[in-house]
S.K.: 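Input: one structure, supplied below.
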Amino acid sequence: MRDVTHDVPALGRRTFLKHTGALGAAAAVSASLSACSAGPESTNDTGGGAGGANRTLTAVIGYGNDGSWDPTQTASAFCMAANNHIYEGLLDTDPISREPYAALATQVPADPNATTWRFALREGATFHDGKPVTADDVVFVFDRILDPKTQTLAKGFFASWLKEVRKVDAQSVELVLKFPFPDGLSRLTLAKVMPKHVFSQPGGWEEAIKGKAIGSGPYRQTAHHPKSNTTFEAFAEYNGPRRPAFKKMNWLTIVDAAPRVARISGSSAGAQISDNIPYANIGQLEGGGLTVAGGAGMNNLFLMFNTRHKPFDDVRVRQALHYAIDTEKMVQVALKGHGKPSSSFLNEANPAYRRAKTVYDYDPDRAKALLKEAGVSGLKIDILAVNVSWIVDCLPTIKSSWDAIGVKTTLNPQETTAVFTKMDQKQDYQVVAAASNPNQFGLDADLIMHYNYGPTNLWMGYTRWATDPVARQLFKDMDRATQEPDPDRKKTMIQDYIDVVAEQAVLYPVVHNELMTAWDAQLLSGIRAQPYPGINLLQAKWA
């Protein structure tokens, strides 16, 4: 999970990843950051038995809780999901539709196309330490995000369109935009308001990274045990729109699939909900009475080519390797039908989706012809891959497909940290296979595309492609689309430059797949499966 557009390289990527927990692309790959146990029994006590409304909700999250908890930096699936319960933005968004609603602010601006948005803060809003939320706290966070000397992940979501945030009075602020940008309303949820009196202190941001979380949201953090669990309780003074339904919550981090499934299944189940359910266990869990549902979104397996390593500088070679993959077989065998071959960089449910002009339907003959046209024969490829379980399941299809067109292929799955350490150190590589899901940040195509493509962002540094003339023109087209005021024209401009991204296939999805969530519907209601990692319980309650 990495910076959307700019600035992170100046920070130094290893420092940045330490702060974000961002090893692996977007949220999905955080599953392989560490092999986490369920933690000591004392921290895993569900506290509930059959204790009714006061029982503890226990959730299992299939990602580590030891990434950064700093909302301006984190891309950790666990931490982002938890922060959505602890903190508030001026506006927050529905976890599925991503429609903005008033959170700390009293209302959504009536004119999304205005270049100044004024927000009044909710009367009586307080932080979990009892101090009131003020305009100074809002300005404090946005100043950090927009500070040219401070490199944060959030900067990539705001700096291109937001000029400044200024205090009007103690309980209201104004956001001044560089140009009309309606998509910015939904992005405000990515700027969680934090108490200035806490995090402006010396070492405050380091404490946030390590797990200190004090917000104004419906749940306050009560304990944090890295690689084990994090606990929460309802914040009695919360007076906002998403009232807490659970007196206490205990979120376990269990990265390994077998113990995660065991924790929510059978007569001794100790949890009521889990994300990141393996496809192979869906039938078992449904047979045991649990509800299992999927969210289809941007989650994808992508291939990333080193364009400085011949012959991957040749677009025909990159295209050939995509055409050669039997994606339908991959979907059926590896994903058990829970996915689709990519027909654009965006998934088909995205509002800006249009089938790309170049679609890599399975065509081994065309793949062979392109390799011949490029003058390439006897090619040997070592695929450097992250060892996320579903990615590993997909790799044999890539190998057999490439072997079949005469490309001798070796699979080399490794811990995500090892893969991206090689990238950081600018070691030579040929092809990387990994996972990505920028949907945890939002649905708008401008955000998604800038997350992966931009003149100075990390991904383009890995591909060594940013100085290519095609890339330079692409980045100009992307910036023009960002500033286009007409929504229909903007959508078309994005679709047009995605056609270029598809044709070039420098960093491009092979398949988009579903993420599965399981829960006990006899105990919980209001659960909706997300198309990105984590869970959102702000509208859930005991059944």
Side-chain angles (χ1 to χ4, degrees), residues 24-32 62-63 77 255-258 260-261 274-286 292-305 321-345 347-349 359-364 367 381-405 407 409-416 419 431-437 439 505 507-518 529 531-533:
V29 298
S30 60
S32 64
Y63 306 90
V255 173
D256 292 342
R260 184 167 65 252
V261 170
S274 175
D275 75 342
N276 199 17
I277 297 299
Y279 304 125
N281 295 107
I282 293 173
Q284 167 201 341
L285 296 176
E286 289 179 334
V292 184
M298 270 297 297
N299 208 62
N300 66 84
L301 179 155
F302 67 87
L303 295 180
M304 179 173 69
F305 293 94
L321 293 171
H322 272 279
Y323 279 120
I325 299 172
D326 189 344
T327 50
E328 290 289 354
K329 177 183 177 182
M330 182 181 287
V331 167
Q332 294 306 316
V333 175
L335 305 181
K336 311 300 183 188
H338 294 278
K340 290 185 177 181
S342 299
S343 56
S344 167
F345 197 97
N347 62 297
E348 293 181 14
V359 177
Y360 297 101
D361 294 325
Y362 179 47
D363 193 340
I381 294 179
D382 179 85
I383 301 178
L384 183 61
V386 300
N387 65 348
V388 176
S389 58
W390 73 269
I391 295 288
V392 172
D393 290 343
C394 290
L395 293 177
T397 300
I398 299 178
K399 173 176 168 53
S400 62
S401 297
W402 288 359
D403 286 345
I405 63 166
V407 176
T409 307
T410 302
L411 302 179
N412 188 12
Q414 300 180 18
E415 289 288 337
T416 304
V419 172
V431 185
V432 164
S436 180
N437 193 338
N439 278 164
L507 186 158
Y508 201 71
V510 176
V511 290
H512 291 102
N513 69 314
E514 287 185 285
L515 292 176
M516 311 304 294
T517 302
Y532 51 95

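Reckoned from all heavy atoms, side chains included, excluding hydrogens, waters and symmetry mates.
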S.K.: Going from CG on L335 to CD on E328, what distance comes out if it is rounded to the nearest 0.5 angstrom?
M.R.: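 Answer for the CG-CD pair, L335 versus E328, is 11.0 Å.
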S.K.: Any side-chain to backbone donor/acceptor pair from S401 onto D326? Under 3.5 Å, distance only.
M.R.: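 Yes: the side chain of S401 pairs with the backbone of D326.
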S.K.: Between Y323 and A367, which heavy-atom pair has the shortest distance, and what is it?
M.R.: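 It is CB-CB, 4.2 Å.
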S.K.: If we ignore hydrogens and angles and just use 3.5 Å, is the side chain of N300 paired with the main-chain N or O of S436 as donor and acceptor?
M.R.: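 Yes, because the side chain of N300 sits within donor-acceptor range (under 3.5 Å) of the backbone of S436.
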S.K.: Please lay out, stage by stage, how K336 and I282 fare under the test side chain to side chain contact (heavy atoms under 4.5 Å, CB included).
M.R.: CA-CA 10 Å; K336 311 300 183 188; I282 293 173; over 6 Å; no
S.K.: Tell me whether R260 contacts the main-chain N or O of I277 through its side chain, where contact means a donor paired with an acceptor under 3.5 Å.
M.R.: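 Not at all, since once roles are kept as given, no pair shorter than 3.5 Å links the two residues.
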S.K.: Is the side chain of N437 donor-acceptor paired with the backbone N or O of P531 at a distance under 3.5 Å, no angle test?
M.R.: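 Side chain of N437 to backbone of P531: a pair is present.
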S.K.: Just how far is it from atom OG1 of T410 to atom CG of D382, taken to the nearest 0.5 Å?
M.R.: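 Reported to 0.5 Å precision, the distance equals 5.5 Å.
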S.K.: So which atom in V511 and which in P341 form the shortest heavy-atom distance, rounded to 0.1 Å?
M.R.: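 Closest approach of V511 to P341: CG1-CA, 4.0 Å.
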S.K.: Give the minimum heavy-atom separation between A433 and I383, together with the two atoms involved.
M.R.: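 Of all heavy-atom pairs spanning A433 and I383, the closest is CB-CG2, 3.9 Å.
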S.K.: Please report the interatomic distance OG1(T327) to CE(M330), rounded to the nearest 0.5 Å.
M.R.: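 T327 OG1 to M330 CE: 7.5 Å, rounded to 0.5 Å.
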S.K.: Is it the case that the side chain of D403 and the backbone of T409 share a donor-acceptor pair, with hydrogens and angles ignored and the cut-off at 3.5 Å?
M.R.: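 Side chain of D403 to backbone of T409, a donor-acceptor pair under 3.5 Å: yes, one is there.
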S.K.: With no hydrogens and no angle check, do the side chains of N513 and Y279 hold a donor and an acceptor under 3.5 Å apart?
M.R.: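 A donor-acceptor contact under 3.5 Å links the two side chains.
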S.K.: I'd like to know whether L321 forms a side chain to side chain contact (heavy atoms under 4.5 Å, CB included) with F305, so could you lay out the CA-CA distance, the side-chain angles of the two residues, the decisive distance to 0.1 Å, and finally the verdict.
M.R.: CA-CA 10 Å; L321 293 171; F305 293 94; 3.6 Å; yes
S.K.: Atom OH of Y360 and atom CG of L303: how far apart are they, to the nearest 0.5 Å?
M.R.: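 Y360 OH to L303 CG: 11.0 Å, rounded to 0.5 Å.
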S.K.: Give, for atom CG of D275 and atom OH of Y532, the distance between the pair rounded to the nearest 0.5 Å.
M.R.: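 Atom-to-atom, D275:CG and Y532:OH are 11.5 Å apart.
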S.K.: Which atom names give the shortest non-hydrogen contact between Y362 and A324, and what distance separates them?
M.R.: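 Closest approach of Y362 to A324: CE1-O, 3.2 Å.
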S.K.: Report the C-alpha separation of V331 and K340 in whole Å, then their side-chain angles, then the decisive distance to 0.1 Å, and conclude whether the side chain to side chain contact (heavy atoms under 4.5 Å, CB included) test is met.
M.R.: CA-CA 6 Å; V331 167; K340 290 185 177 181; 5.6 Å; no
S.K.: Are L507 and F345 side-chain neighbours, meaning at least one heavy-atom pair lies under 4.5 Å?
M.R.: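 Result yes, sub-4.5 Å side-chain heavy-atom pair found.
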S.K.: List the atom of P413, the atom of V392, and the distance in Å for their closest heavy-atom pair.
M.R.: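 Where P413 meets V392 most closely, the heavy atoms are CB-CG2, 4.3 Å.
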S.K.: Testing the basics here: between M298 and H512, what is the closest heavy-atom pair and its distance to 0.1 Å?
M.R.: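 The answer is O-CD2, 3.7 Å.
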S.K.: For the CG atom of D361 and the OG atom of S342, what is their distance to the nearest 0.5 Å?
M.R.: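 Reported to 0.5 Å precision, the distance equals 11.0 Å.
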S.K.: Is there a side-chain contact between H322 and V510 in this structure, where contact means two heavy atoms from C-beta onward sitting under 4.5 Å apart?
M.R.: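 The answer is yes, as the side chains (C-beta and beyond) meet within the 4.5 Å cut-off.
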